[in-house]
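Take this structure first; my questions come after.
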Amino acid sequence: AQRVTQPEKLLSVFKGAPVELKCNYSYSGSPELFWYVQYSRQRLQLLLRHISRESIKGFTADLNKGETSFHLKKPFAQEEDSAMYYCALSGSARQLTFGSGTQLTVLP
Amino acid sequence: GAVVSQHPSRVICKSGTSVKIECRSLDFQATTMFWYRQFPKQSLMLMATSNEGSKATYEQGVEKDKFLINHASLTLSTLTVTSAHPEDSSFYICSARGQGRNEQFFGPGTRLTVL
């Protein structure tokens, strides 16, 4: 079975502060990990995936297989980063299993 | 590119009626479409996976006779909530994936309210 855990339902940081959204997963094989973002009143959209090893909107995430984690980080948060963030895992069946989400609020 | 639309965006119906929700991939061929349900302030729960031309695969606990899924073409999948009841009120989201791709593109969702 595959499982994704996001321990923080809510996270608030001040503008310009670093932010880290935690994600841990459980999967017996080699997973593909994603971060999706949902801005207010908008559809879910892909933020980044681990195989791309890219930085999108200043966000990065590194897959740590030893700790089974895929934390999302940004060194300097902006107010427009306020949104709901979902970590998701795709296994051999290529279905997505989502974490429960973290609502990020960046305060001015 | 990779746009997915859903129709309607919002629907209100009486208890006992059936409601059909459409999901379309506008600029790519979706060999696989997924239907999710999202309760307020909760995560997306996968209901079923449908491959074009074949029967949908439902997740455990999802009633296939209540949530009828049809994926008759590479650009259209429909979800029909049959004999809807107030507990079926929710936000239904579809996503689509192209052949050979692992990335899913999401529709904007449909808010169903059953009175």
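Just the heavy atoms: all of them, side chains too, but no hydrogens, waters or symmetry mates, feed the values below. In what follows, chains are A, B, ... by sequence order, proteins preceding strands, each numbered from 1.
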> Given a strict heavy-atom distance threshold of 4.5 Å, which part of A:Arg49 is in contact with chain B: side chain, backbone, both, or neither?
Replying inline: side chain
> Tell me, side chain or backbone of A:Leu46 under 4.5 Å from chain B's heavy atoms, or both, or neither?
Replying inline: side chain
> Side-chain heavy atoms under 4.5 angstrom apart, residues restricted to Ile, Leu, Val, Met, Phe, Trp, Tyr: same cluster for A:Leu33 and A:Tyr86?
Replying inline: no
> Quick one: which residues of residues 79-95 of chain B reach chain A at under 4.5 angstrom, heavy atoms only?
Replying inline: none
> Any link between B:Val19 and B:Trp35 through a network of hydrophobic side chains (Ile, Leu, Val, Met, Phe, Trp, Tyr) touching at under 4.5 Å?
Replying inline: yes
>> To check you understand the geometry: which heavy-atom pair defines the closest contact between A:Gln95 and B:Phe34, and what is its length?
In response: CG-CE2, 4.1 Å
>> Nearest 0.5 angstrom please: A:Thr97 OG1 to B:Leu44 CG, how far?
In response: 11.5 Å
>> Need one label for B:Leu46: side chain, backbone, both or neither, based on atoms under 4.5 Å from any heavy atom in chain A.
In response: side chain
>> Taking B:Val11 as the starting point, is it possible to reach B:Phe67 by hopping between hydrophobic residues whose side chains are less than 4.5 Å apart?
In response: yes
> Can any side-chain N or O of B:Ser43 pair as donor or acceptor with the backbone N or O of A:Gly99 at less than 3.5 Å?
Replying inline: yes
> Should the heavy atoms of other residues, nucleotides or ligands under 6.0 Å from CZ of A:Phe76 be counted, would the total exceed 12?
Replying inline: no
>> Quick check: closest heavy atoms across A:Arg43 and B:Gly107, and the distance to 0.1 Å?
In response: CB-O, 3.6 Å
> Measuring heavy-atom distances to chain A, does B:Glu103 have an atom under 4.5 Å in its side chain, in its backbone, in both, or in neither?
Replying inline: both
>> Working to the nearest 0.5 angstrom, can you tell me the gap between A:Gln38 CD and B:Phe106 CZ?
In response: 9.5 Å
> Is the number of heavy atoms from other residues, nucleotides or ligands under 6.0 Å of A:Met84 CE greater than 12?
Replying inline: yes
> Are B:Tyr36 and A:Leu44 close enough, and set up right, to give a side-chain contact (heavy atoms from CB on, under 4.5 Å), and what steps lead you there?
Replying inline: CA-CA 12 Å; B:Tyr36 296 85; A:Leu44 204 65; over 6 Å; no
> A:Phe98 versus chain B, heavy atoms under 4.5 Å apart: side chain, backbone, both or neither?
Replying inline: both
> Is A:Tyr36 reachable from A:Tyr25 through a run of I, L, V, M, F, W or Y residues, each pair having side-chain heavy atoms under 4.5 Å apart?
Replying inline: no
> Using non-hydrogen atoms only, which part of B:Gln104 is less than 4.5 Å away from chain A: side chain, backbone, both, or neither?
Replying inline: both
> What residue pairs, at least two apart or across chains, pass side chain to side chain donor-acceptor pair (under 3.5 Å) with a residue in residues 68-85 of chain A?
Replying inline: A:Lys74-A:Asp81
> In terms of hydrophobic clustering (I, L, V, M, F, W, Y; side-chain heavy atoms under 4.5 Å; direct or indirect links), are A:Val13 and A:Tyr39 co-clustered?
Replying inline: yes
>> Using a 6.0 Å cut-off, check whether atom NZ of B:Lys20 has over 12 heavy atoms from anything other than its own residue.
In response: no
